[in-house]
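Worksheet: one structure, shown below.
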2 protein chains.
Amino acid sequence: MATTEPIPHPIPEPLLELIAKRFRVLAEPMRIRLLDRLREGEATVGELQEALSASQQNVSKHLGILLEAGMVSRSKRGNHAYYAIADASVFALCEQVCGGVRKQLSELEALLGGHAL
Amino acid sequence: MATTEPIPHPIPEPLLELIAKRFRVLAEPMRIRLLDRLREGEATVGELQEALSASQQNVSKHLGILLEAGMVSRSKRGNHAYYAIADASVFALCEQVCGGVRKQLSELEALLGGHAL
DNA sequence: CTAGGTCACAACTCAATCGTGGTGCAGTTG
DNA sequence: CAACTGCACCACGATTGAGTTGTGACCTAG
């Protein structure tokens, strides 16, 4: 989209921490599940709570983290809070990671005798 | 490389944890610095230790984590252990994240008065 | 105004992890 | 062989984050 060559070589410290922080946000299965569910469209806390079989407080907390990271947006309508994907680029990230995971799994399968999953 | 559309919609649990685990590996500034330094080519633990101003044990430990994640490779030659990038796709990830960070920074700058970096 | 439902915040517990110090092992040198 | 160097493993505080419980704020309905 924009400049695809943004990184100076010795990555400066503050940028380094921002990058790590962003990775850390995605380093939790629950948050990935939330994002994955939000892929279908905006949803309320209650809907996400039920879809993921998690507690309301936990869902709210993780949504708060995703919100602060700028990955989702919140719009309060009436008695509900609707969350939606704000930065669709996270899916590109996930797919990249999935590629790496796939590669790893393939190697494992090869070592184990070539059986599929 | 391979299929670029690998993700079924409700991401299955085990895959979910693998993805999160991979993100977690990159969620540490020290490891990103190690990868960034290894971008120049293979290096020994001592070289990395000096380049990053970190303790030998810490460097070795993080390299072990990166090694287990399949992101670097180790080759022992004589009395030294040479580490090198094994999965160059991690840089694509970092650049994607940098894109997101840039966007965030731009928005912040816009809010603060539109000054450039 | 009262009752019920939805969401967010605060405090707590528990597990994982970072960094360090100490130590063992392999390889090199004289 | 003996001493030294380079690296990895183990165990220990100390910090961080996830998940739960409890509670309060806000909106809606009757």
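Numbers restart at 1 for each chain; the letters A, B, ... are given by sequence-line order, proteins then strands.
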Nearest-Å distance for atom pair CG/C1', residues A:L67 and C:dA8: 12 Å

To the nearest angstrom, the CD-C1' distance between B:Q49 and D:dG6 comes to 9 Å

CD (A:E50) with more than 12 external heavy atoms under 6.0 Å: no

Atom CD of B:Q56 and atom C1' of C:dT20: how far apart are they, to the nearest Å? 11 Å

Is the positively charged end of A:R74 above the ring of A:Y82, judged by distance under 6.0 angstrom from the centroid and angle within 45° of the axis? no

In B:L34, B:L35, B:L48, the residue satisfying side-chain contact (heavy atoms from CB on, under 4.5 Å) with B:H62 is B:L34

It should be established whether B:H80 places a side-chain nitrogen or oxygen under 4.0 Å from OP1 or OP2 of nucleotide D:dC7. yes

Between atom CD1 in B:I32 and atom P in C:dC18, what is the gap in whole Å? 12 Å

Look at all strands and tell whether B:R74 reaches a base, only sugar-phosphate, or nothing, counting heavy atoms closer than 4.0 Å. sugar-phosphate

Answer with base, sugar-phosphate or nothing: what part of the nucleic acid does A:Y82 contact at a heavy-atom distance below 4.0 Å? nothing

Could you walk me through whether A:R33 and B:E17 pass the salt bridge (charged side-chain N to carboxylate O under 4.0 Å, His left out) test, one step at a time? CA-CA 10 Å; A:R33 252 178 298 185; B:E17 306 229 2; over 6 Å; no

Can you list the steps and then say if B:D36 with B:R31 is a salt bridge (charged side-chain N to carboxylate O under 4.0 Å, His left out)? CA-CA 8 Å; B:D36 184 47; B:R31 289 195 280 269; over 6 Å; no

Roughly, in whole Å, what's the span from CG in A:L48 to C1' in C:dA8? 15 Å

Counting primed atoms, P, OP1 and OP2 as sugar-phosphate and everything else as base, the B/S/- map of nucleotides 12-19 of chain D against protein heavy atoms under 4.0 Å is -----SSB

Over how many whole Å does the gap from B:K76 atom NZ to D:dC9 atom C1' extend? 12 Å

Could you walk me through whether B:E68 and B:R22 satisfy the salt bridge (charged side-chain N to carboxylate O under 4.0 Å, His left out) test, starting with their C-alpha distance in whole Å, then the side-chain angles of each, then the deciding distance to 0.1 Å, before giving a yes or no? CA-CA 11 Å; B:E68 191 168 6; B:R22 208 160 174 89; over 6 Å; no

Nucleotide nearest A:V45 when distance is taken to its side chain, options C:dC7, D:dA8, C:dG5: C:dC7

Rounded at 0.5 Å granularity, tell me how far CG in A:L63 sits from CD in A:Q56. 10.0 Å

First of B:L63 and A:G78 reached from the 5' end of DNA chain D, by closest nucleotide: B:L63

Hey, does the side chain of B:Y83 come within less than 4.0 Å of D:dG6's phosphate (OP1/OP2), counting only N and O? no

Which nucleotide wins on minimum distance to the side chain of A:A81, given the candidates C:dG5, C:dA26, C:dC7? C:dC7

When rounded to whole Å, the CG to C1' distance for the pair B:N79 and C:dG27 reads 5 Å

